[in-house]
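Okay, structure first, notes after.
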Amino acid sequence: MNIKTSPKSSLLTESEMALFVDYYQLTMGQADFKNQNNSIITANYYVRRIPQGEYLIAAGLEQVIHYILNLSFTDDTLNWLAKRGELHKDYLESLKDFQFDGSIYAVLEGTPVFRNEPIINVTGRSRDVQLFETYLLCVMNFQTLIATKASRIVHAAKEKPVFDFGARRAHGRDAGILAARASFIGGASGTSLVLAGRYFDIPYVGTMAHKFVMERPTEVDAFRDYANIFPHNTTLLIDTYDTLQGARNACIVAHEMAARGTQLKAVRLDSGDLLTLSKEVRNIFDASGLDYVQIIASHDLDEFEIDKLLKEGAPIDGFGVGTRLATGANFDSRTGEGGPSALGGVYKLVERDGIPVGKQTLDEPAKATIPGRKQVYRQTDADGNYCKDYIMLWDEPISAGEPLLISIVKDGELVYNFPNLTDIQERTRTELAKLDESHKDLTDAKPYPVEMHSGLKTK
């Protein structure tokens, strides 16, 4: 007999957040509990290698802090774990009243950071701190990757607006909304994802799909229907059949709108040779006295394609970027070269009971860790631009530079007031403006100078 079951959403709820761990975090926790390991440790989050370019934009801290401060093990969760048999009742009971009482220092979201620089320091009981690894890495690696990709795309767009169109190609539902958040931090002007507008107050935008055009008797009918319903925010998709004829049809509707006292805002190109088509479409509108109508382009765009289009004089006024933004594509669309779309940030033990510790990894020295809780000091030149970073032991004095890691949580209490997303985006813009252009070049970026204090050594 087949028993029917209801479909599951598989969407993470706050009551299930405690299980967003790799199993070894629980098995090690039980071993520590049984052995009465109450060591106070510090774990660093940092990135060894940057997939593209020479900088990263830190993003995701707010979600990490929410997780850490709201993590709790419900009776249902503990009962489910107990039924699996390997985790003992006394250890599971110890998780019942879990509450993080340690401290967290972190680089603020929207801050440019570089390889091997500590981005987050988490200090607390060993078996507590290790529970955060999987969630912290998942959120920080993804949002930092996407915020960085967005900043590269926005930089290539030369102040022309960039919109996130990537939810449908993101690697999952959480990825879709967090990509919209991170893209906005990186400088995107808005998103197509309505939920991101509700949840994060990000401006959401939209035009029409080819379906809307195909359902009408003619393309002009479709354009008229849409313009009549959205007279003050009309953007027409003109490549359903023939892009240039679509532009001429859009001109007909634009003149009809003008006669009613409204204006066609823009048209969107979503296929074909964007360089040639954008120039021809621009000529069609200009010849019709419609020079105010903007051209928005989408269709497999990234920073390299946008850079090429603008350098070759494409009269494009804005860009919708989807797949290669929401997935953080580590891919050079000009050469076809690239690697996995992922950021390999790590979360490593660096201090135990005040004593620096690290791993040697003799079989792969690049994976060795640098012992000690660390702070980053950023120095500026006479013009206020960033010129050098110093990675120092936490309590090591330095005569110049501003510390990047600030107190977020102290003794389990939140001591930092998270800003709204628009303020974080502005921070990104301001911070990147202080970074020399040579460090932001798309293909030949110059490494930013980061000096490791002599007291920091792998052992």
Side-chain angles (χ1 to χ4, degrees), residues 50-53 55-60 63 109-110 112 138-197 199-200 202-207 268-271 274 296-310 314 316-343 421 424-425 428-429 432 440 442-443:
I50 299 173
Q52 287 184 310
Y55 72 89
L56 297 168
I57 298 298
Q63 284 68 54
E109 293 188 273
C138 174
V139 170
M140 290 299 300
N141 282 341
F142 180 71
Q143 288 203 57
T144 298
L145 176 72
I146 304 305
T148 305
K149 187 70 171 181
S151 77
R152 287 169 56 83
I153 292 170
V154 169
H155 182 66
K158 307 296 183 189
E159 299 186 357
K160 296 178 186 291
V162 171
F163 301 95
D164 156 48
F165 283 6
R168 64 185 60 193
R169 301 289 173 79
H171 295 159
R173 291 163 299 176
D174 280 355
I177 188 168
L178 291 180
R181 180 183 190 273
S183 296
F184 192 72
I185 288 174
S189 297
T191 179
S192 63
L193 186 62
V194 177
L195 183 60
Y199 205 71
F200 295 120
I202 298 172
Y204 56 93
V205 299
T207 57
R268 179 161 70 96
L269 309 179
D270 191 44
S271 59
L274 294 179
I296 308 299
S298 48
H299 182 48
D300 292 337
L301 293 174
D302 59 14
E303 64 266 49
F304 302 108
E305 293 295 330
I306 291 172
D307 180 64
K308 180 181 178 183
L309 284 167
L310 294 182
I316 296 173
D317 301 292
F319 301 92
V321 187
T323 304
R324 296 178 188 171
L325 172 55
T327 63
N330 176 20
F331 174 75
D332 187 329
S333 56
R334 303 167 311 160
T335 65
E337 298 174 346
S341 296
L343 182 65
L421 212 57
I424 299 175
Q425 184 191 67
T428 304
R429 188 194 68 78
L432 279 175
K440 295 181 281 191
L442 295 183
T443 56

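Source: prediction; values computed, not measured.
Side-chain contact check for Leu301 versus Leu309: some heavy-atom pair is nearer than 4.5 Å. A 4.5 Å side-chain heavy-atom check between Leu178 and Ile146 finds every atom pair outside the cut-off. Counting heavy atoms from C-beta outward, Leu310 and Phe319 have side chains that approach closer than 4.5 Å. You'll find the side chain of Ser333 stays beyond 4.5 Å of the side chain of Lys308, heavy atoms only. A 4.5 Å side-chain heavy-atom check between Leu269 and Ser298 finds every atom pair outside the cut-off. In this structure, Ile50 and Thr148 have side chains that are not in contact, with every pair of non-hydrogen atoms separated by 4.5 Å or more. The closest side-chain heavy-atom distance from Ser183 to Thr191 is not below 4.5 Å. Within the 4.5 Å cutoff, no side-chain heavy atoms of Leu325 are placed close to those of Phe163.
Summarising the geometry of Asp302 relative to Phe331, their closest heavy-atom pair is OD2-O, 3.9 Å, with the distance given to 0.1 Å. Here the closest heavy-atom approach between residue Asp317 and residue Pro161 is recorded as O-CD, 3.2 Å. Pairing each heavy atom of Ser151 with each of Leu432, the nearest pair is CB-CD1, 3.9 Å. Here the shortest heavy-atom pairing between Ala157 and Val162 reads CB-CG2, 3.7 Å. Heavy atoms only, all atoms of each residue included: Ala326 and Gly166 are closest at CB-O, 3.4 Å. The minimum heavy-atom distance between Ile57 and Ala147, with the atom names listed, is O-CB, 3.9 Å.
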* Could you check Ile306 against Lys160 for side-chain contact (heavy atoms from CB on, under 4.5 Å), going step by step and ending with a plain yes or no? => CA-CA 10 Å; Ile306 291 172; Lys160 296 178 186 291; over 6 Å; no
* **Phe304 and Arg324: CA distance, side-chain angles, deciding distance, side-chain contact (heavy atoms from CB on, under 4.5 Å) verdict** => CA-CA 11 Å; Phe304 302 108; Arg324 296 178 188 171; over 6 Å; no
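In this structure, the separation between CZ on Arg152 and OH on Tyr55 is 6.5 Å, given to the nearest 0.5 Å. Rounding to the nearest 0.5 angstrom, the gap separating the OG1 atom in Thr327 from the NE2 atom in His171 is 5.0 Å. Summarising the geometry, atom CZ belonging to Arg268 is positioned 12.5 Å from atom CD1 belonging to Ile316; distances are rounded to the nearest 0.5 Å. Atom-to-atom distance recorded for Thr428:OG1 and Ile424:CD1 is 8.0 Å, nearest 0.5 angstrom. Between atom CG of residue Leu193 and atom OH of residue Tyr199 there is a gap of 13.0 Å, rounded to the nearest 0.5 Å. Interatomic distance, Gln52 CD to Leu145 CG, rounded to the nearest 0.5 Å: 8.5 Å.
Not counting sequence neighbours, Arg169 has no partner by the salt bridge (charged side-chain N to carboxylate O under 4.0 Å, His left out) test. Taking Asp300 as the reference, nothing meets the side-chain hydrogen bond (donor to acceptor under 3.5 Å, both in side chains) condition, with sequence neighbours excluded.
Ion pair Glu303/Lys149 flagged as a salt bridge, since at least one NZ, NE, NH1 or NH2 atom sits closer than 4.0 Å to an Asp/Glu carboxylate oxygen.
Counting only distance, with no hydrogens or angles, the side chain of Thr144 and the backbone of Ala59 share a donor-acceptor pair below 3.5 Å. Between the Asp332 side chain and the Glu337 main chain, no donor and acceptor come within less than 3.5 Å of each other. Under the 3.5 Å distance criterion, the side-chain polar atoms of Gln425 are matched with a main-chain donor or acceptor of Phe184. Side-chain atoms of Glu109 never come within 3.5 Å of backbone atoms of Ala182 as a donor-acceptor pair (strictly under, hydrogens ignored).
With a 6.0 Å radius and a threshold of 12 heavy atoms from other residues, nucleotides or ligands, Arg334 has its CZ atom above the threshold.
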